[in-house]
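A note on names: the letters A, B, ... follow the listed sequences, proteins ahead of strands, and every chain is numbered from 1. Keep in mind that this is a model prediction, so the values were computed, not measured.
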There are 2 protein chains.
Amino acid sequence: MTYTYEYPRPALTVDCVVFGFDGSGLQVLLIRRGVEPFAGSWALPGGFVQMEENLETAARRELEEETGLKGVFLEQLCTFGDPGRDPRGRVVSVAFFALVQPDQHPARGDTDASDAKWFEAGKLPPLAFDHASILGAALERLRGKIRYQPVGFELLPKRFTLAQLQTLYEAILDRPLDKRNFRKKLLSFDFLVPLDDYSGGAHRPARLHRFDRRKYEALARKGFLFEL
Amino acid sequence: MTYTYEYPRPALTVDCVVFGFDGSGLQVLLIRRGVEPFAGSWALPGGFVQMEENLETAARRELEEETGLKGVFLEQLCTFGDPGRDPRGRVVSVAFFALVQPDQHPARGDTDASDAKWFEAGKLPPLAFDHASILGAALERLRGKIRYQPVGFELLPKRFTLAQLQTLYEAILDRPLDKRNFRKKLLSFDFLVPLDDYSGGAHRPARLHRFDRRKYEALARKGFLFEL
DNA sequence: TGACTTCGTGTAAAAAAGACACAAACATAG
DNA sequence: CTATGTTTGTGTCTTTTTTACACGAAGTCA
C-alpha cells in the first residue's frame, strides 16, 4: 500500500524528552536504537505520527510503546525541522517534554528486555540525530518553567519532604537555596499541605507534605503568581 | 508530477501571527483568503513548507509572499496538528509569531491589491481554520515574554520616547503602570540610550531613546534578568 | 550513651516596589 | 503675544520583599 500526493511532504515524528528526579539529580530517559540510522546509539523516545491521532496522542503512544510510561505530565516543546536533521530524508519532529517520578514509573528497560535507561542529565551519551539540541531546548524550558509554575511536583512522589523539594529546585536551577527562606516562601503559598506523617530514614524524621493542585489553581485564577 | 510514500503523511504548513503596535493598541496582521476552504475569510498568513527549506525560512518566505514583510523578528510558537483542523485533510501547522513596526513595514495590502490588513488585537473578525486558537496562544506567549525579555523594542521605531514604551507595555500587559516607577526601572537597566533628539508634536517634546541590544546582551550573559 | 546527621525555626538588615505632585516645555487658539 | 491646555520629567517616603544567618531538637548507629 502506498500513498501519493501532488506535492512532496516531509515525514512527521514526535520525540519526547522525559525528565526524572532521583533525589539528588535530574535524569533523562533514553532508548537505545535498534535500527539504522544510528543503530546502537541512544536517542529520545519517539516515532512517526499516525494520520488519525493528534500530536500529543502520538507522543503518548510512542512513549508507552518504547518505554512503558503512561499517564505522565506532557507538554509540547518545539518543532525541529531542519532539512538534513535525519539522513533518511526530510523528517520534521514535534518535540515534547515529560515529567515523571522514576519510582512510580520504572522505565521498562529497567525491568524487561527493551532498552530504555535513565541517565543523569549532566552525563549523557552522544545522541542520535539532533536529539542533543532537542534536549538542550527542553532543559532550558524546564529551567524557565520551574520558576513560575509548580511543575516540580510532577517529579516528586505524592508525599515529599521540603528538603526533597528544595534539592529538586537546586538541581534544576543549579544553584544553592537558603533552607529557611525556601521553606518560608513555599509555605507562604497555600498549596503545600503538611501531612501528619513523617519520613523514615537515618536521622531526624522530616514532615511529609503534598501538593494541593486545587488550591494552586484557585490561587492561579485570582491572578496569583508563583515565582521562585 | 506526484510523490509516493509507503506510509501516509500529513501536509505541513507554517502560519504567522504578526503583531504590530500603532501607538496605542496591539494590532494583528491578517490576510483575506482567496481560495477555498474559507475563501473570503480572514486568516493568518502562511502556507506549505517546501522540502529544502527549514521551518523559519518557510515562515519568512510565506510572510513576504503574502504580506510583503521581511526581516522581521520571528520566533517559533507552537505546532497545531489536530486531525480535522483543516477540512482538506490532515494538515499540521507550525505557528510562528512575528513582531513588526507597522510604519517601517507597511502591509502590502495597504498599498497594492493583495488583501492584507491590520486589525486591532481586541477586535478581530472570525478567522479561518483554528487560527483563533493559534492567535490566542500567540497573545499569551507575547504577554508572558514581554515581562522578562526586551521584545517590546521590536514593535517600536528605532527611536522612541519612554511614554511610547510605557504605552506599549500597558497595552500588552493590559494594566496601567506608574510613570515614574516605570522610567526609574527601565533606565536603571543600562540598555536604553538617551539620544540628543526630541520628539516633535503638539506639546512638550519628549526625549528620544534607543534600545542598545549589545548592552542588553552583555548584561544577559552576566545572568541579569529583565523582569518588569 | 555519645557521636553524628538532618530537621525545623525567627529576626534583623538591605533591597526593591509602590504611591504620590508639580514645575517646565511646547502648540495652539484667541 | 498672552493665556490655555497638554505632555514631559523628576525625588522621596513608605511598604513589601528578599536576603543573610545559627542553634536546639529528633532521630540513627556504633
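Between the C1' atom of dG8(C) and the CG atom of L208(A) lies a distance of 14 Å, rounded to the nearest Å. The separation between R180(B) atom CZ and dA19(C) atom C1' is 8 Å, rounded to whole Å. When the P atom of dG9(D) is taken as reference, atom CD of Q164(B) falls 11 Å away, rounded to whole Å. Regarding N181(B), its CG atom lies at a distance of 16 Å from the P atom of dG9(D), rounded to whole Å. Rounded to whole Å, the distance from NE2 on H203(A) to C1' on dC4(C) is 7 Å. Note: CG (L186(B)) to P (dA16(C)) measures 16 Å, nearest angstrom. Distance, F182(B) CZ to dA16(C) C1': 17 Å, rounded to whole Å. Per the geometry, NZ belonging to K185(B) stands 12 Å off C1' belonging to dT17(D), to the nearest Å.
The ring of F160(B) has its center closer than 6.0 angstrom to the ring center of F153(B).
When side chains are defined from C-beta on, E75(A) does not count as touching E56(A), because their heavy atoms never get closer than 4.5 Å.
Because its NZ or CZ atom is both nearer than 6.0 Å to the ring centre of F119(A) and within 45° of the ring axis, K117(A) counts as a cation-pi partner of that residue.
R204(A) contributes no side-chain N or O that forms a donor-acceptor pair with the base of dT6(C) under 3.5 Å.
Each of K184(A) and K184(B) was assigned the nucleotide of DNA chain D with the nearest heavy atom; the assignment lying further toward the 5' end belongs to K184(B).
The D178(B) side chain lies nearest to dC20(C) when the options are dT9(C), dG9(D), dC20(C).
Contacts of R207(B) with the nucleic acid, taken as non-hydrogen atoms under 4.0 Å apart, involve only primed sugar atoms and P, OP1 or OP2. Contacts of K179(B) with the nucleic acid, taken as non-hydrogen atoms under 4.0 Å apart, include base atoms.
Under a 4.0 Å N-O distance rule, the pair E65(A)/R61(A) qualifies as a salt bridge.
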